[in-house]
Protein chains: 2
Amino acid sequence: MKEKVKVRDRILNVATELFSRQGFNQTGINQIIAEADIAIGSLYNHFPSKNDLLLAYLQRKEDEWFEGYERSCKGTSSAKEKILKFVDFRIAQQKQSDFCGCPFTKIISEIGSQEAQIQQMVESHKSKQRVLLQGLFRELKDTGELDRKLLAENFFLMVEGATVNTTISRNMQALEHVRKFIKKLID
Amino acid sequence: MKEKVKVRDRILNVATELFSRQGFNQTGINQIIAEADIAIGSLYNHFPSKNDLLLAYLQRKEDEWFEGYERSCKGTSSAKEKILKFVDFRIAQQKQSDFCGCPFTKIISEIGSQEAQIQQMVESHKSKQRVLLQGLFRELKDTGELDRKLLAENFFLMVEGATVNTTISRNMQALEHVRKFIKKLID
DNA sequence: ACATAAAAATAGATATATCTATCTATTTTA
DNA sequence: TAAAATAGATAGATATATCTATTTTTATGT
């Protein structure tokens with residue numbers, strides 16, 4: 001009853017694992033084909049260049065991010081809960097990736113903004129998160145004297161900073177601090 | 001009256017520029033010696049390996065960071081001002097580096113936490129910033145119902161997230177949003 | 001100020017390894 | 001029988017690092 005994983009998926013699965021864990025620049029084609037146990041010709045059949053593989057990897061991460069967040073929000077109804085889930089989701093991501101951090105942030109550190117297509121995907125990914133959060137914060141009943149849009153932006157930035165810093169420290173404290181703080185602010 | 005820059009400094013200056021702009025992994029020894037206009041033997045005389053050069057680069061960044069912040073605080077007296085200067089300093093850094101982001105955060109994205117000595121330096125750098133901010137927030141007269149230590153931590157994380165995201169978007173908005181937000185919170 | 005010895009810097013070849021990518025020829029799968 | 005995947009050689013570029021031999025700089029003693 002074992003499902004045979006197609007070659008293209010084996011490549012992308014291994015590349016995903018390695019790009020996340022080791023980084024893009026420190027992952028060679030040879031390691032990918034070895035660990036995926038496929039021929040180098042097969043790789044270049046599916047992905048004409050290493051850069052195309054990177055694009056496919058990021059596209060998958062993009063899709064999985066929003067699917068994953070939606071799924072983790074199943075059962076929540078209030079905006080307040082969904083905001084807290086936003087932090088919880090990042091905590092879960094960091095746990096399951098062993099503190100790899102955000103793949104989009106990581107790739108910009110690795111290759112800069114030279115590759116226009118990648119720069120575009122990263123910016124778009126972050127932008128979509130901001131829009132999502134702005135929507136949630138707009139639903140909040142009372143935020144005291146705090147502008148909701150400004151609060152949404154800074155909550156996003158806290159989580160971003162906390163994600164980076166949990167990756168550095170390899171413990172979850174920073175993200176937990178954000179959770180505690182925002183809970184106070186919106187409760 | 002032209003000061004002759006010593007070989008070791010020429011190497012470190014060029015390496016600094018290239019590691020910041022292009023990244024560590026995307027900067028080769030050959031490019032460094034070419035742009036520094038020195039012989040390869042001289043480089044390996046001063047720095048036994050590329051990793052030693054990286055350590056020297058980070059150590060310099062560490063020293064310059066706190067010197068730079070101190071200098072930018074000259075003339076300010078209140079903790080409130082110094083907290084706002086903290087954001088201004090990061091804005092200035094991003095401007096003058098053309099949005100290179102934090103070198104410590106960047107190197108972790110590039111090489112991970114494998115190199116213990118580097119991991120150590122990065123963690124220590126962030127830790128020192130937290131301590132500095134905790135001290136400043138302790139001095140604040142009134143933060144309403146907000147715990148000062150928690151506020152300091154989350155301010156730090158906001159700035160971290162904003163730094164990363166100004167590097168991604170290549171504009172200063174995120175850092176300006178943090179400034180506006182914290183000003184409201186502590187004013 | 002000048003000669004000289006030690007240290008530093010140079011050019012440039014080279015070793016060794018790795019990287020991405022291409023190609024051919026053969027086998028497996030659909 | 002066509003398409004997909006394989007093994008494996010190889011091209012061509014680039015990486016870090018070492019080595020030799022020579023020149024330049026610096027420091028020291030007279």
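Lettering follows sequence order; numbering is per chain, from 1.
- Regarding contacts with the backbone of D:dT6, a side-chain N or O of A:S42 is found under 4.0 angstrom from either OP1 or OP2.
- Nearest nucleotide to the side chain of A:V7, out of D:dT6, C:dA21, D:dA15: D:dT6.
- To the nearest angstrom, P of D:dA5 lies 17 Å from OH of A:Y44.
- The shortest distance between side-chain heavy atoms of A:H177 and A:N165 does not fall below 4.5 Å.
- Among the protein residues, A:N45 comes within range of no part of the nucleic acid, since none of its heavy atoms lies under 4.0 Å from any strand.
- Straight-line distance from the CD atom of A:Q26 to the C1' atom of D:dT16: 14 Å, rounded to whole Å.
- Separating the CD1 atom of B:I33 from the C1' atom of D:dA17 is a distance of 11 Å, rounded to the nearest angstrom.
- Protein atom CG of B:L43 is 13 Å distant from nucleotide atom C1' of D:dT18, rounded to whole Å.
- In plain terms, the two heavy atoms of A:R148 and A:K141 that are nearest each other are NH2-O, 2.8 Å.
- Panel note: side chain A:T27, backbone A:G23; a donor-acceptor pair is recorded below 3.5 Å.
- Distances shorter than 4.0 Å separate none of the side-chain N or O atoms of B:H46 from OP1 or OP2 on C:dA8.
- Under the 30°/60° scheme for interplanar angles, the aromatic rings of B:Y69 and B:F89 are found to be tilted.
- C:dC23 atom C1' lies 16 Å from atom CD1 of A:I29, rounded to whole Å.
- Comparing A:K6 and B:F24 against DNA chain D, the residue whose closest nucleotide sits nearer the 5' end is A:K6.
- In this structure, the CG atom of B:D37 is 15 Å from the P atom of D:dT24, given to the nearest Å.
- Atom CG in B:N30 sits about 14 Å away from atom C1' in C:dA11, given to the nearest Å.
- One atom, CD1 of B:I40, and another, C1' of C:dT10, lie 12 Å apart when rounded to the nearest Å.
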